[in-house]
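Only heavy atoms go into these numbers, but all of them, side chains included; no hydrogens, no water, no symmetry mates. Bear in mind that the values here come from a model prediction, so they are computed numbers and not experimental data.
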Amino acid sequence: MSEIRLNIVDRDNIHSGEVHGYVAELAVAALTAEPETFAELELAMRRFLKWDEHSPFARLYPGENLEPYDAGVMVLDLAGGVIATESSCSDLEAEGQVRVEAEFADDGEVWVPFKLSQDWLIVRSIPEYERLRPERRDARLAVPPLDARAVLYGSPLVEFIAQECRAERGSTDDDRFTRIHTKWMMAPRPDLGGKTPREVLLDKKEFVDFEMHSRALQWSFAGECPPHIPVESDAYRFAGFGIHENVLYYYMVRELLEVCFDYYDPKRTINDEIEWLEGIKSTWLKMENPHFSLRTPGALIESERRRINISMSAKEILIDEDCPCCQAMAADFSTPMFWHLDGCNMDQTYEFSFHETREAYDAEQREWDEFHAKWERERKERGDEIDDVDWVAEARAIDGESVSLSDDDELPF
């Protein structure tokens with residue numbers, strides 16, 4: 001592959017120089033780590049490439065040079081969120097795959113998919129880039145990063161729950177938790193830039209979920225966990241919310257609502273209530289939870305923010321110790337298994353779905369309704385009587401033994 005002149009622009013500096021076209025491709029894929037500085041991009045390159053002494057950016061020096069070299073020129077403008085390219089090396093897209101050197105892979109290399117966030121703009125003309133970069137940079141600098149977790153986990157949430165629970169005191173409405181939770185999720189807030197908590201939680205979910213999927217594939221085929229996002233980076237501090245944090249956030253809010261109602265103390269003032277709920281929230285995030293394989297919610301959230309998959313061995317997730325298939329998998333399955341949350345126990349209304357628009361949610365509901373209607377018609381045409389089937393007797397009949405069991409009988413499985 002040919003060489004290309006690469007320019008890397010951050011808030012304070014510009015570096016340029018000639019690199020192999022493969023290095024330029026990896027640099028684009030490394031933007032999935034959301035680097036803000038030259039040093040962070042260099043660190044993100046270790047996701048795909050290993051080196052001991054000489055960085056792949058060793059031939060880049062301070063200063064800008066937009067003149068094509070060999071196969072062309074490329075600019076990665078971290079400050080403006082722009083990728084500019086004039087090159088014959090490849091057709092650059094925001095989504096693709098890159099070849100990763102893998103020490104433990106059978107053939108020594110692995111292809112890993114990547115997808116950039118929607119924040120990036122790709123242009124295929126250097127003059128066009130030079131024209132629009134001041135506007136892009138000014139626009140980004142004018143809107144400082146939003147620390148949404150300070151709102152979603154901080155005093156605004158706890159104060160809201162304490163006040164709403166007081167207002168609902170004495171209510172026997174079974175849907176009160178859902179109603180209060182929905183009110184929190186759907187109300188635009190000035191401290192969230194005019195967005196609702198729901199919009200913030202879903203803003204980068206698709207990007208984060210794909211990132212976690214890509215990291216899992218790389219770990220599986222390369223045989224080692226890819227480097228994570230450093231905690232001192234903006235990418236960590238202002239990270240988007242993936243499916244794990246969305247689900248855990250739902251559970252946390254419901255826990256606070258239930259505790260606030262079930263352990264109400266009329267002697268507590270509203271300020272006392274808020275302080276008490278803060279302690280409950282902190283304890284819940286730090287406490288090992290049997291529903292999460294004895295992991296703490298806080299640790300699970302931390303892992304997703306750092307783009308580290310929750311790995312488990314096949315033996316750890318052994319479902320049936322007497323199952324030959326499970327035993328074989330636990331003995332011979334060498335690649336890691338990954339633990340996931342999917343939100344199946346959340347309310348199934350639009351407000352708690354993962355659809356960004358109500359139209360998308362309604363379309364999915366229609367598909368389900370059509371599926372169930374078709375299934376019901378076909379069941380009736382076959383004459384199936386599902387509600388009357390004795391599944392225990394059916395299971396016994398498979399082994400040639402037709403019997404019926406009372407409620408006191410011990411099940412055979």
Side-chain angles (χ1 to χ4, degrees), residues 142-169 171 173 175-205 208 231 234-266 268-287 289 296-302 304-306 341 343 346-347 349-356 358:
V143 182
L146 173 66
D147 185 5
R149 289 176 178 82
V151 177
L152 297 183
Y153 290 91
S155 57
L157 170 69
V158 178
E159 291 172 6
F160 173 85
I161 290 176
Q163 292 167 355
E164 291 295 320
C165 287
R166 289 205 163 207
E168 291 279 347
R169 190 65 57 198
S171 170
D173 181 3
D175 295 327
R176 61 182 181 270
F177 295 156
T178 297
R179 184 159 33 80
I180 295 172
H181 197 169
T182 299
K183 184 177 179 181
W184 167 255
M185 293 288 286
M186 302 303 291
R189 298 185 58 88
D191 49 12
L192 291 178
K195 292 184 177 182
T196 68
R198 183 182 191 275
E199 289 173 325
V200 171
L201 286 166
L202 298 183
D203 186 40
K204 283 195 170 183
K205 176 183 172 297
V208 174
V231 296
D234 283 0
Y236 169 83
R237 289 186 288 123
F238 307 112
F241 299 79
I243 188 170
H244 283 179
E245 191 164 6
N246 268 270
V247 174
L248 291 165
Y249 186 75
Y250 171 93
Y251 290 152
M252 185 193 74
V253 173
R254 288 304 171 92
E255 177 75 11
L256 294 177
L257 285 169
E258 292 177 11
V259 167
C260 194
F261 267 94
D262 293 345
Y263 296 94
Y264 172 67
D265 184 350
R268 281 197 296 260
T269 66
I270 184 65
N271 290 333
D272 292 338
E273 192 95 341
I274 291 170
E275 183 178 355
W276 174 68
L277 282 175
E278 284 280 5
I280 297 296
K281 178 195 66 180
S282 178
T283 299
W284 187 84
L285 287 169
K286 297 176 182 177
M287 184 177 293
N289 194 311
T296 69
L300 293 172
I301 291 170
E302 175 82 0
E304 190 173 61
R305 288 179 67 181
R306 299 179 73 183
L341 289 170
M346 296 167 62
D347 284 338
T349 59
Y350 162 72
E351 292 80 5
F352 303 105
S353 74
F354 299 135
H355 291 287
E356 292 188 9
R358 190 175 292 274

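Distance check, rounded to the nearest 0.5 Å: CE of M185 to CG of D347 gives 10.5 Å. Considering NZ of K281 and CD1 of I161, their distance stands at 9.5 Å, rounded to 0.5 Å. Once rounded to the nearest 0.5 Å, the distance linking CG of L192 with CG of L146 reads 6.0 Å. Atom CZ of residue R166 and atom CZ of residue R268 lie 8.0 Å apart, to the nearest 0.5 angstrom. Here CG of L300 is found 7.0 Å from CG of L341. Values are rounded to the nearest 0.5 Å. Taken to the nearest 0.5 Å, the CZ atom of R254 stands 9.5 Å off from the CD1 atom of I180.
Of the possible polar contacts, one joining the T182 side chain to the T178 backbone as a donor-acceptor pair under 3.5 Å is found. No donor-acceptor pair under 3.5 Å is formed between the side chain of H244 and the backbone N or O of I301.
Aromatic ring orientation, Y249 versus Y153: perpendicular (interplanar angle above 60°, classes split at 30° and 60°).
L152 has its side chain within reach of W184: a pair of non-hydrogen atoms, C-beta onward, lies under 4.5 Å apart. Side-chain contact between R358 and E351 is present, with at least one heavy-atom pair separated by less than 4.5 Å. The shortest distance between side-chain heavy atoms of E278 and S155 falls below 4.5 Å. With a 4.5 Å cut-off on side-chain heavy atoms, P188 and K195 do not count as touching. Looking at heavy atoms from C-beta onward, L285 lies out of side-chain contact with T296 at the 4.5 angstrom threshold. Counting only heavy atoms from C-beta outward, the side chains of P156 and R189 approach each other to under 4.5 Å. For the pair P297/W284, a side-chain contact is recorded, criterion being any heavy-atom separation below 4.5 Å from C-beta on. Two residues are said to be in side-chain contact when any heavy atoms from C-beta on lie closer than 4.5 Å; V151 and L157 fail this criterion.
Counting all heavy atoms, side chain and backbone alike, L202 lies closest to E356 at O-OE2, 3.9 Å.
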Step-by-step side-chain contact (heavy atoms from CB on, under 4.5 Å) determination, R179 to D173: CA-CA 10 Å; R179 184 159 33 80; D173 181 3; 2.8 Å; yes
N246 vs M346, side-chain contact (heavy atoms from CB on, under 4.5 Å): CA-CA, chis, key distance, verdict: CA-CA 10 Å; N246 268 270; M346 296 167 62; 5.8 Å; no
Verdict with reasoning, E302 to V231, per side-chain contact (heavy atoms from CB on, under 4.5 Å): CA-CA 9 Å; E302 175 82 0; V231 296; 4.0 Å; yes
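Under 3.5 Å, the side chains of S353 and R198 contain a donor-acceptor pair of N or O atoms. A donor atom on one side chain and an acceptor atom on the other are found under 3.5 Å apart for D272 and T269.
For the ring pair (Phe, Tyr, Trp, His ring centres under 6.0 Å) with Y250, the qualifying choice from F241, F354, F352 is F352, the only one to do so. Of the candidates K205, R149, R305, E245 forms a side chain to side chain donor-acceptor pair (under 3.5 Å) with just one, namely R149.
Within 6.0 Å of CE on M186 lie more than 12 heavy atoms contributed by other residues, nucleotides or ligands. Taking a 6.0 Å sphere around CD of E258, one finds it holds more than 12 heavy atoms contributed by other residues, nucleotides or ligands.
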